[in-house]
Amino acid sequence: MSLLKRKLILLAMCLGIFVVMLDTTIMNIALPEIQSSLKTNLTNVSWALNAYTIIFASTSIPLGKLSNIYGKKLFYIIALVLFAIGSIISGLSQNVIVLILGRILQSFGAAIIFPLSMDLAISSQNADLKRKAVLFIGITQGSASAFGPTFGGIITEFLSWRWIFLINVPIVVTAFIISTISLPRDSERQNTKIDWLGSFLTIIGLCALSVSLIQLRFWGFGWAIYGLWILFVIVALLFYVWERHVSYPMIDFKLFKNFNFNLAATTTFFGQFLLVGFMVIMPTLLTSMFNRTAFESALLVTPATLMIFLLSPLAGRIMKKVPAKYLISLGFIMIAMGYLGLSTISVILNYPAYILFCFLIGAGYGLLVGPISVLSTAEFEGSLLTASQSVIGVLRQLGTVLAVAVFVSCLNINLATAKHQAYQFAENKIQSINVSATQKNTILHNLKNKLNQQQNSNDTGINKAMIMQRKYQLVEDSYTKLVQEKNLNPQTLPKRTVYNIRKEINNHVIQVLNHLWHEIQKIQKYIKEQYISAFTNLYLYTAPIALVLAVVFVSLPDKLKKRSNTNEKR
């Protein structure tokens with residue numbers, strides 16, 4: 001095969017993996033726009049996102065196995081067609097049902113494209129270019145998923161949410177043409193059978209786990225969630241027992257006897273969990289607490305994405321001289337530092353410091369991408385290589401699903417606590433102010449309604465103009481009350497006396513209202529602090545996980561280096 005064809009195949013694989021990984025995150029930021037356009041609720045629209053993740057995770061392994069039997073080129077081209085059709089249906093959909101249908105077609109295509117892209121990219125290269133192919137695909141995976149929110153914000157802002165899906169079509173068509181021309185015919189196919197029961201158990205188990213994690217924040221801990229977890233455990237045990245004895249297993253357990261693969265698998269899962277935790281929560285924080293638009297919020301997470309793009313290839317090169325475990329440990333340390341930095345965000349956002357924290361998170365994840373790609377492919381070829389990438393794809397999706405479930409659920413709990421504490425603080429402050437009981441109750445009632453209507457709002461809905469517009473009525477009420485209490489006749493009082501009485505009452509009312517406004521400002525600041533803490537505490541409590549992972553990885557033996565040296569001697 002010529003060098004040109006090898007490069008074209010690598011380009012096609014990069015294009016395929018790019019759209020697949022891009023579509024795991026690009027839709028998130030456009031959900032409100034899609035909801036409004038399709039005139040449905042956010043829960044229904046979110047299932048268009050969930051369907052992609054669930055099917056991608058649950059069918060990647062079985063479909064990867066089928067591609068080994070019936071031909072990788074054939075399956076890859078079919079997958080590109082499915083993905084393109086799904087993208088067109090999603091982009092042109094006029095209701096949420098059609099949108100979900102399009103996403104389902106996309107997900108089946110993605111479940112095939114993900115494992116085969118790495119497989120075909122490596123198998124098509126000679127020995128000198130295999131490592132570069134691994135790094136190119138790895139960089140594409142990491143940067144595409146990270147750039148998703150940014151691209152989504154830009155496309156939604158300047159075009160339409162429909163182009164989030166339609167933009168895939170020219171990219172997929174290009175990959176289709178190159179693949180058709182450049183990929184060699186499927187000459188080597190596995191002479192094996194399909195483990196249908198194993199496939200069925202894989203899909204049921206991963207679907208049960210994915211749905212339970214996605215719906216946890218809606219259903220809470222109840223029989224529905226516990227039932228899905230029990231189903232997953234039972235199916236996992238059945239799958240393990242069956243796969244150990246069947247002649248043609250769905251997953252070759254030799255994968256999990258490989259130290260380097262286990263290292264890559266663990267890094268993939270936790271790295272994705274920590275990256276998505278940042279990508280999911282931060283745009284919401286910027287939008288709701290700092291009044292940034294969706295587009296501005298998307299741009300403000302770009303520093304992390306940029307560092308992933310820059311450091312991924314560098315990490316791959318450094319691996320030639322530095323053991324992978326040290327790079328992975330450093331990556332988790334940098335993510336932990338970024339998380340700890342984000343936990344210090346206050347009511348006034350320090351943008352230079354914020355950008356630095358984003359750089360740390362992106363750089364940390366960038367250091368993980370290179371080792372993941374190399375470790376998960378270094379000692380495999382053929383069907384084992386496809387299987388390894390299928391498993392890595394599943395773990396990446398499960399890491400994403402778990403991150404969304406954990407971070408969003410914990411955020412909702414934190415926000416509910418923040419709302420309760422904010423109302424108690426406001427109630428204590430308002431009760432101590434020298435205004436009428438009616439006015440106190442009115443302010444507290446408005447505040448409670450505001451907090452209930454928009455739980456993540458830091459605005460009480462009260463401003464100084466609203467407070468001061470009651471001045472005239474309060475002066476009149478106070479004057480009338482004073483006259484009645486002292487049995488005075490306003491008609492017989494000297495004008496100068498009436499003026500002085502009114503002036504004194506007016507000054508007192510202004511003083512009371514200014515005091516009230518001052519306390520309202522304290523309440524607003526306290527509410528914003530509590531709500532920001534609801535977000536930032538997520539990073540504070542998660543940072544130790546990254547630090548523990550760093551310690552664990554740096555303590556492991558350096559298997560990759562030993563095996564590489566052995567191979568060199570041979």
Side-chain angles (χ1 to χ4, degrees), residues 21 24-25 28-29 138-139 141-153 266-287 289-290 292 296-315 318 327-346 349-372 396 399-400 402-404 406-408 410-411 532 535-551 553:
M21 297 311 299
T24 60
T25 56
N28 299 55
I29 205 161
I139 294 164
Q141 288 179 19
S143 57
S145 58
F147 269 114
T150 304
F151 287 159
T266 307
T267 305
T268 296
F269 180 79
F270 285 105
Q272 192 71 9
F273 175 83
L274 293 168
L275 177 67
V276 173
F278 165 73
M279 289 293 183
V280 166
I281 297 299
M282 188 49 60
T284 306
L285 171 61
L286 294 169
T287 302
M289 295 294 108
F290 297 101
R292 302 292 93 190
E296 290 169 338
S297 299
L299 289 181
L300 284 170
V301 300
T302 303
T305 308
L306 181 63
M307 291 306 293
I308 294 172
F309 184 76
L310 293 176
L311 279 190
S312 296
L314 182 61
I318 294 175
L327 284 179
I328 294 172
S329 295
L330 179 59
F332 280 121
I333 289 172
M334 295 181 78
I335 292 174
M337 291 172 61
Y339 265 43
L340 288 173
L342 292 177
S343 71
T344 64
I345 290 176
S346 61
L349 184 60
N350 184 332
Y351 284 99
Y354 164 79
I355 291 172
L356 173 62
F357 304 146
C358 289
F359 277 145
L360 286 171
I361 292 173
Y365 187 78
L367 290 178
L368 302 182
V369 171
I372 288 172
R396 190 185 293 273
T400 299
L402 183 64
V404 173
V406 170
F407 278 86
V408 174
C410 290
L411 177 61
I532 289 176
F535 285 86
T536 57
N537 282 342
L538 297 173
Y539 298 117
L540 178 63
Y541 299 147
T542 309
I545 296 176
L547 290 174
V548 169
L549 287 167
V551 173
F553 277 101

Verdict with supporting geometry, Glu296 and Phe290, side chain to side chain contact (heavy atoms under 4.5 Å, CB included): CA-CA 11 Å; Glu296 290 169 338; Phe290 297 101; over 6 Å; no

Leu340 and Leu540: CA distance, side-chain angles, deciding distance, side chain to side chain contact (heavy atoms under 4.5 Å, CB included) verdict: CA-CA 6 Å; Leu340 288 173; Leu540 178 63; 4.1 Å; yes

Thr344/Thr536 under side chain to side chain contact (heavy atoms under 4.5 Å, CB included): CA gap, chis, key distance, verdict: CA-CA 7 Å; Thr344 64; Thr536 57; over 6 Å; no

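Distance check, rounded to the nearest 0.5 Å: CG of Leu327 to CG of Leu314 gives 8.5 Å. Taking OG of Ser329 as the reference point, atom CG of Leu547 lies at 11.0 Å (rounded to 0.5 Å). The line from OG1 of Thr268 to CZ of Phe273 is 15.0 Å long, rounded to the nearest 0.5 Å. Leu330 contributes atom CG, which lies 5.0 Å from atom CG of Leu367 (distance to the nearest 0.5 angstrom).
Residue pairs meeting the side-chain hydrogen bond (donor to acceptor under 3.5 Å, both in side chains) criterion with at least one partner in residues 349-366, sequence neighbours excluded, are Gln272-Tyr365, Tyr365-Arg396.
The two residues Gly362 and Ile308 have their closest heavy-atom pair at O-CG1, 3.3 Å. Here the shortest heavy-atom pairing between Leu368 and Gly271 reads CD1-CA, 3.8 Å. Nearest approach of Ser346 to Ile532, heavy atoms of both residues: O-CD1, 3.6 Å.
In this structure Phe270 satisfies the ring pair (Phe, Tyr, Trp, His ring centres under 6.0 Å) test with no other residue, sequence neighbours excluded. Partners of Thr266 under the side chain to side chain donor-acceptor pair (under 3.5 Å) rule, at least two apart in sequence or in another chain, do not exist in this structure. Taking the side-chain contact (heavy atoms from CB on, under 4.5 Å) definition, one finds that Phe359 meets it with Pro303, Met307, Ile355, sequence neighbours left out. Evaluation of the side-chain contact (heavy atoms from CB on, under 4.5 Å) rule for Ser297 yields Pro283, Leu286, Thr287, Arg292 as partners, not counting sequence neighbours. For Ile361, the side-chain contact (heavy atoms from CB on, under 4.5 Å) partners at least two apart in sequence or on another chain are Phe278, Tyr339, Leu342. Applying the side-chain contact (heavy atoms from CB on, under 4.5 Å) test to Ile545 and every residue at least two apart in sequence or in another chain returns Thr542, Leu549.
With Leu285 as reference, Ile345 is the one residue of Leu300, Leu411, Ile345 to meet the side chain to side chain contact (heavy atoms under 4.5 Å, CB included) rule.
For the pair Tyr539/Met282, a side-chain contact is recorded, criterion being any heavy-atom separation below 4.5 Å from C-beta on.
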